[in-house]
Amino acid sequence: MNLETVMQELEALGKERTKKMYMSNGAHEPIFGVATGAMKPIAKKIGIDQALAEELYATGNYDAMYFAGIISDPNGMSEADYDRWIDSAYFYMLSDYVVAVTLAEADIAQEVADKWIASGDELRMSAGWSCYCWLLGNRPDVEFSKDKLAAMLETAKNNIHDAPERTKSAMNNFMYTVGFSYLPLHEEAVETAKEVGPVEMKRDNKKPGILNAYENIQKEIERGKIGFKRKYVRC
């Protein structure tokens, strides 16, 4: 399939209701409003096609950019490629659920995520912290440095309340994911999240959201899910 054919198929799957929902979260035109699940049959026909993924991502169309992440080759992208993708990720559904997810399947994931976390840019930081969430929820615990993650928990604790809004959310998810999916620091993550407490996140044209990693970890403890790992990162 080529760019034109994929764009036609995506457009045909677009729903006005879905489009409005995406736009209420920060997406803007061009956008069709395709439910992510509806993309799977097209993705199955294509498989992995990095060249096509690059063409789709470059359109600036939200649905095409999302689909690009599904068919991309994570290890076929360099650090410069990921930097280019994050440059075009204009809101969190792209930074955290397309770019960070794709990066999480790459061998250079931690290296790039570390750089983004240290960048001071809201969506880069958000993508970096989110990438670790995807990594921790999928990869074996032995692939991570306990000391490094402990230092990241401390960073999150000390900075979350003053961080940019989307970075707050990603830091909160990081504390939750360490407590939920990384057994070596489960107790430390619980204590950190408890000390942090509720985090208020301002949202455009909406009431502020209240984030609480501690309560969410407790729910997973009650469900007996601590240590859970998902089989796949991308859908």
Side-chain angles (χ1 to χ4, degrees), residues 21-27 86 89-101 103-104 109-110 112-138 141 144-223 225-230 233:
M21 180 184 70
Y22 291 160
M23 294 184 79
S24 73
N25 281 283
I86 198 66
Y90 63 85
F91 78 125
Y92 79 96
M93 287 172 65
L94 289 171
S95 63
D96 296 10
Y97 297 101
V98 177
V99 185
V101 170
L103 176 61
Q110 291 191 49
V112 176
D114 290 344
K115 183 182 74 171
W116 289 352
I117 287 171
S119 71
D121 175 79
E122 179 174 10
L123 289 182
R124 269 179 160 74
M125 290 190 291
S126 181
W129 288 101
S130 294
C131 182
Y132 270 95
C133 295
W134 296 112
L135 288 167
L136 290 164
N138 170 254
D141 290 346
F144 303 93
S145 162
K146 181 180 177 180
D147 290 344
K148 178 181 179 180
L149 293 181
M152 291 175 70
L153 278 176
E154 189 70 12
T155 297
K157 180 182 75 172
N158 293 336
N159 295 282
I160 189 168
H161 288 290
D162 297 317
E165 303 308 310
R166 288 312 318 177
T167 309
K168 282 182 184 177
S169 178
M171 284 179 165
N172 183 79
N173 287 337
F174 174 79
M175 292 188 297
Y176 159 74
T177 307
V178 174
F180 176 34
S181 295
Y182 185 71
L183 289 175
L185 286 175
H186 168 72
E187 294 297 334
E188 289 88 340
V190 171
E191 288 305 310
T192 298
K194 186 176 183 180
E195 189 171 344
V196 166
V199 176
E200 182 178 276
M201 187 182 76
K202 296 182 179 66
R203 301 180 295 180
D204 291 340
N205 304 315
K206 296 180 181 179
K207 292 181 180 179
I210 302 297
L211 312 173
N212 196 316
Y214 176 75
E215 288 186 354
N216 290 334
I217 296 171
Q218 294 304 312
K219 290 176 184 176
E220 302 300 349
I221 292 173
E222 292 168 8
R223 294 170 61 202
K225 291 286 189 176
I226 298 304
F228 171 80
K229 301 285 184 179
R230 65 174 63 85
V233 178

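The shown structure was predicted, so the numbers you read here are calculated from the model rather than taken from an experiment.
- For Tyr97, the OH atom counts as loosely surrounded, since its 6.0 Å shell holds 12 or fewer non-hydrogen atoms of other residues, nucleotides or ligands.
- Across Pro198 and His161, no two heavy atoms sit closer than the pair O-CE1, 3.3 Å.
- Residues Val98 and Met93 fail the side-chain proximity criterion, which asks for heavy atoms closer than 4.5 Å.
- Taking every heavy atom of both residues into account, Ser95 and Leu123 meet most closely at OG-CD2, 3.7 Å.
- Proximity of a side-chain donor or acceptor of Lys202 to a complementary backbone N or O of Gly209 within less than 3.5 Å is not detected.
- A 6.0 Å sphere centred on CG of Asp204 holds no more than 12 heavy atoms belonging to other residues, nucleotides or ligands.
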- Query: Could you go step by step and tell me if Met175 and Ile160 meet the side chain to side chain contact (heavy atoms under 4.5 Å, CB included) rule?
  - Reply: CA-CA 10 Å; Met175 292 188 297; Ile160 189 168; 3.8 Å; yes
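- Between Ala104 and Leu135 the shortest heavy-atom distance is O-CD2, 3.2 Å.
- Atom CD of residue Gln218 and atom CD of residue Glu222 lie 7.0 Å apart, to the nearest 0.5 angstrom.
- Listed here is the closest heavy atom pair of Val178 and Ala189: CG1-CB, 3.8 Å.
- At most 12 heavy atoms of other shown residues, nucleotides or ligands fall within 6.0 angstrom of atom NZ in Lys225.
- Rounded to the nearest 0.5 Å, atoms NZ (Lys229) and CZ (Phe180) are 10.0 Å apart.
- The pair Glu165-Lys168 meets the salt-bridge criterion, with a side-chain N (NZ, NE, NH1 or NH2) lying under 4.0 Å from an Asp/Glu carboxylate O.
- No side-chain heavy atom of Lys194 sits less than 4.5 Å from a side-chain heavy atom of Ile217.
- Listed by first and then second residue, the side chain to side chain donor-acceptor pair (under 3.5 Å) pairs that reach into residues 114-138 are Glu79-Lys115, Asp83-Lys115, Asp83-Trp116, Asp87-Arg124, Asp96-Ser126, Asp96-Ser130, Gln110-Tyr132, Asp114-Tyr132, Asp114-Lys148, Tyr132-Lys148, sequence neighbours excluded.
- To the nearest 0.5 Å, atom OG1 of residue Thr167 and atom CE of residue Met201 are 10.5 Å apart.
- Taking a 6.0 Å sphere around NZ of Lys206, one finds it holds more than 12 heavy atoms contributed by other residues, nucleotides or ligands.
- Closest heavy-atom contact between Ala89 and Val99: CB-CG2, 4.1 Å.
- Partners of Arg223 according to the salt bridge (Lys or Arg N to Asp or Glu O under 4.0 Å) rule, which considers only residues two or more places apart in sequence or in another chain, are Glu220.
- Scanning all heavy atoms of the two residues, the minimum distance from Tyr92 to Asn25 falls at OH-OD1, 2.9 Å.
- Legend: residues meeting side-chain hydrogen bond (donor to acceptor under 3.5 Å, both in side chains) with Glu154, ordered by chain and number and at least two apart, are Lys157.
- Once rounded to the nearest 0.5 Å, the distance linking CG of Asn212 with CG of Asn172 reads 7.5 Å.
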- Query: Run the salt bridge (Lys or Arg N to Asp or Glu O under 4.0 Å) check on Lys146 and Asp141 step by step: do they pass?
  - Reply: CA-CA 9 Å; Lys146 181 180 177 180; Asp141 290 346; over 6 Å; no
- Query: Run the side chain to side chain contact (heavy atoms under 4.5 Å, CB included) check on His186 and Ile221 step by step: do they pass?
  - Reply: CA-CA 10 Å; His186 168 72; Ile221 292 173; 3.9 Å; yes
- Message: side chain to side chain contact (heavy atoms under 4.5 Å, CB included) for Phe174 and Leu153? Distances and angles first, verdict last.
- Response: CA-CA 8 Å; Phe174 174 79; Leu153 278 176; 3.9 Å; yes
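- Side-chain atoms of Met152 and Ile117, non-hydrogen and from C-beta on, do get closer than 4.5 Å to each other.
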